[in-house]
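Below is one structure, written out as structure tokens; comments come after it.
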Amino acid sequence: MRSWSAPKISRLPGNGEVPRLYDTAAGEVRPTRPGGTARLYVCGITPYDATHLGHANTYLAFDLLNRAWRDAGHDVRFVENVTDVDDPLLERAEQTGRDWRELAAGEIDLFRADMEALRILPPAEFVAVTEMIDDIAVLVGRLRDKGATYELGGDVYFHADAAPKFGAVSGYSQEEMLALFGERGGDPERQGKHNALDWVLWRGERPGEPAWDSPLGRGRPGWHVECTAIALAELGTGFDVAGGGSDLIFPHHEMGASEGHVATGEWPFAKAYVHAGMIALDGEKMSKSRGNLVFVSKLRQSADPMAIRLALMARHYRADWEWTGGRLLAAEERLARWREAVALPAGPAAAGVLAEVRARLADDLDAAGAMAAIDAWAAAASAGDTSDTEAPELVRAMADALLGVAL
Ligand code: 5CA
Ligand code: ZN
């Protein structure tokens with residue numbers, strides 16, 4: 001479906017380093033080794049409510065990666081899904097008496113506008129699950145042909161025991177998996193399953209729910225297999241990074257990786273699993289189900305989207321932290337200092353600042369470290385160090401190209 005429009009990216013002299021990233025499956029920071037084109041899959045929204053700052057922080061993390069790869073001279077093929085048919089969306093539509101398609105379409109529009117305002121580079125393919133039902137059904141059929149599935153009450157389940165690498169992404173214990181599966185949309189208690197961790201691939205039609213014809217019978221896809229099918233169709237197996245928030249480590253990325261492995265016979269499904277931290281409000285993870293949300297669309301009525309971007313980047317993408325108004329104020333002050341400095345006719349030479357910004361970002365996307373380098377330059381420029389007339393433009397270009405901040 002339609003993506004959103006791309007901001008123009010300023011050109012910079014030379015190239016940055018290829019970024020190193022913390023891979024959840026490896027448990028350490030590792031070099032990324034993309035081929036000519038880096039392949040990135042990021043798990044998109046379930047569009048039953050507006051984009052909140054937690055979502056924004058996650059998409060911003062992968063935007064920094066996208067920009068760093070491009071700066072290192074790679075093309076980037078970036079794919080993002082939208083879970084436009086799933087239980088929470090259908091439940092919200094039911095509660096509010098709205099058509100689920102209309103609800104999703106409105107929230108997806110708002111998401112596009114938010115991403116554009118935050119200057120997130122758009123995906124090459126922005127794919128709704130409802131556009132991929134046939135591909136998903138074919139993938140479930142392939143898993144069935146491999147003997148990795150069974151039927152239960154009209155639904156098709158994946159046998160966790162048929163996946164030799166199950167557990168390799170999260171590294172979680174059986175107890176942790178069971179607890180998280182129950183909390184995050186799974187059904188460990190369902191009677192008749194072979195293993196409590198088996199998950200649904202295809203959900204047979206229920207009265208009042210949307211359903212599609214398929215060789216598996218009428219129904220709709222389970223959650224994890226949608227992302228596996230979209231990633232396989234758009235990127236192929238062995239792509240560079242699968243990304244999302246840390247709440248997707250288990251079950252979503254674990255189960256998706258096993259589906260990809262069993263379907264293709266190849267491992268790893270993604271070379272790295274990269275996860276952003278959880279943003280909280282009032283002491284709890286921001287979540288649509290809890291309702292403790294700061295919406296990006298609301299916040300940008302009174303705040304410069306570039307200040308929102310800076311406020312989010314002030315903390316490392318993997319950190320869990322709490323949003324406060326004070327963070328936005330600090331970011332607004334920083335934005336004003338940077339804007340004042342780049343508007344000067346000259347400043348201290350900035351080639352070293354560019355090298356430092358690149359080095360910080362290549363080190364697992366240390367945006368705060370990169371921003372500190374620009375802070376130091378801006379302070380010196382504003383204090384009257386005016387040896388280089390080209391420096392303000394170079395700093396403006398690096399803030400734009402690497403941090404996505406338009407000054
Ligand atoms: N549609 C699925 C992924 S296929 C989904 O998780 N949708 S979501 O709308 O719930 O979340 C969208 C993205 O935002 C996911 O990557 C999720 O991990 C991330 N996310 C959700 N809540 C937060 C939060 N409080 N802080 C940071 N990231 C979050
Ligand atoms: Zn996903």
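We count residues from 1, following the sequence as given. Atoms within a ligand are numbered from 1 in the order they appear, just like the ligands themselves. Note: hydrogens, waters and symmetry copies are ignored here, and every other heavy atom, side chains too, is used.
Annotation for ligand 1: atoms under 4.0 Å from non-hydrogen atoms of L248 are 6 (O), 15 (C), 16 (O), 18 (O). Using a 4.0 Å cut-off to heavy atoms of C43, the atoms of ligand 1 that qualify are 3 (C), 4 (S), 16 (O). Applying the 4.0 Å criterion to heavy atoms of Y59 picks out, from ligand 1, the atoms 12 (C), 13 (C). Near T83, meaning under 4.0 Å from one of its heavy atoms, ligand 1 places the atoms 1 (N), 2 (C), 4 (S). Those atoms of ligand 1 with a heavy atom of H52 less than 4.0 angstrom away are 22 (N), 23 (C), 24 (C), 25 (N). Heavy-atom proximity to G244, at under 4.0 Å, picks out these atoms of ligand 1: 16 (O). Atoms of ligand 1 found under 4.0 Å from any heavy atom of D247 (numbered from 1 in listed order, with element): 17 (C), 18 (O), 21 (C).
Closest heavy-atom approach to atom 29 (C) of ligand 1 within the set M278, E107, H275: this belongs to M278. In this structure, of R184, K285, H253, H55, the residue bringing a heavy atom nearest to atom 14 (O) of ligand 1 is H55.
Ligand 1 lies out of reach of A280, whose nearest heavy atom is not under 4.0 Å from it. At least one heavy atom of C227 lies less than 4.0 angstrom from ligand 1. A heavy-atom separation below 4.0 Å is found between H252 and ligand 1.
For the pair K285 and D247, the salt-bridge criterion is met [side-chain N within less than 4.0 Å of a carboxylate O]. Using a 4.0 Å cut-off between charged side-chain N and carboxylate O, D363 and R360 make a salt bridge. Salt bridge R70/D75: absent, no basic N to carboxylate O contact under 4.0 Å. K271 and D240 are joined by a salt bridge, as a carboxylate oxygen and a charged side-chain nitrogen come within less than 4.0 angstrom of each other.
For a threshold of 3.5 Å applied to N or O pairs, the pair formed by G245 and ligand 1 contains at least one separation below that value. Ligand 1 has no nitrogen or oxygen under 3.5 angstrom from a nitrogen or oxygen of W223. Considering backbone and side-chain N/O of G44, one or more are found under 3.5 Å from N/O of ligand 1. Among the atoms of N81, none of the N or O lies under 3.5 angstrom from an N or O of ligand 1. Considering backbone and side-chain atoms alike, T58 places an N or O below 3.5 Å from some N or O of ligand 1. Among the atoms of M286, some N or O lies under 3.5 angstrom from an N or O of ligand 1.
With respect to atom 27 (C) of ligand 1, the closest heavy atom belonging to the protein is G54 O, 3.1 Å. K288 NZ, 3.9 Å is the protein heavy atom nearest to atom 10 (O) of ligand 1. The single protein non-hydrogen atom nearest to atom 26 (N) of ligand 1 is I279 N, 2.9 Å, given as residue, atom name and distance.
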Pair D187-Y157, side-chain hydrogen bond (donor to acceptor under 3.5 Å, both in side chains): steps then yes or no: CA-CA 11 Å; D187 56 358; Y157 274 83; 2.4 Å; yes
Criterion side chain to side chain contact (heavy atoms under 4.5 Å, CB included) on W223 and W199, from CA distance to verdict: CA-CA 9 Å; W223 174 26; W199 62 95; over 6 Å; no
Full working for side-chain hydrogen bond (donor to acceptor under 3.5 Å, both in side chains) between Y150 and R144: CA-CA 8 Å; Y150 61 92; R144 187 171 61 178; over 6 Å; no
Check against side chain to side chain contact (heavy atoms under 4.5 Å, CB included), L310 and L403: CA-CA 9 Å; L310 284 177; L403 296 174; 5.6 Å; no
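Cation-pi check for R318 over Y22 is met; the charged atom lies under 6.0 angstrom from the ring centroid and within 45 degrees of its normal.
Rounded to the nearest 0.5 angstrom, I279 CD1 and L293 CG are separated by 13.0 Å. One distance of note links CG of L53 with CZ of F295; it measures 10.0 Å at 0.5 Å rounding.
Backbone or side-chain N, O or S atoms of H252 reach the Zn ion (ligand 2) at under 2.8 Å. Among the backbone and side-chain atoms of C43, an N/O/S atom is found under 2.8 Å from the Zn ion (ligand 2).
A heavy-atom distance below 4.5 Å is not found between the side chains of V294 and H52.
Side-chain N or O atoms of D84 include none that pairs as donor or acceptor with a backbone N or O of A128 at under 3.5 Å. Judged by distance alone, the side chain of W212 and the main-chain N or O of A137 form no donor-acceptor pair under 3.5 Å.
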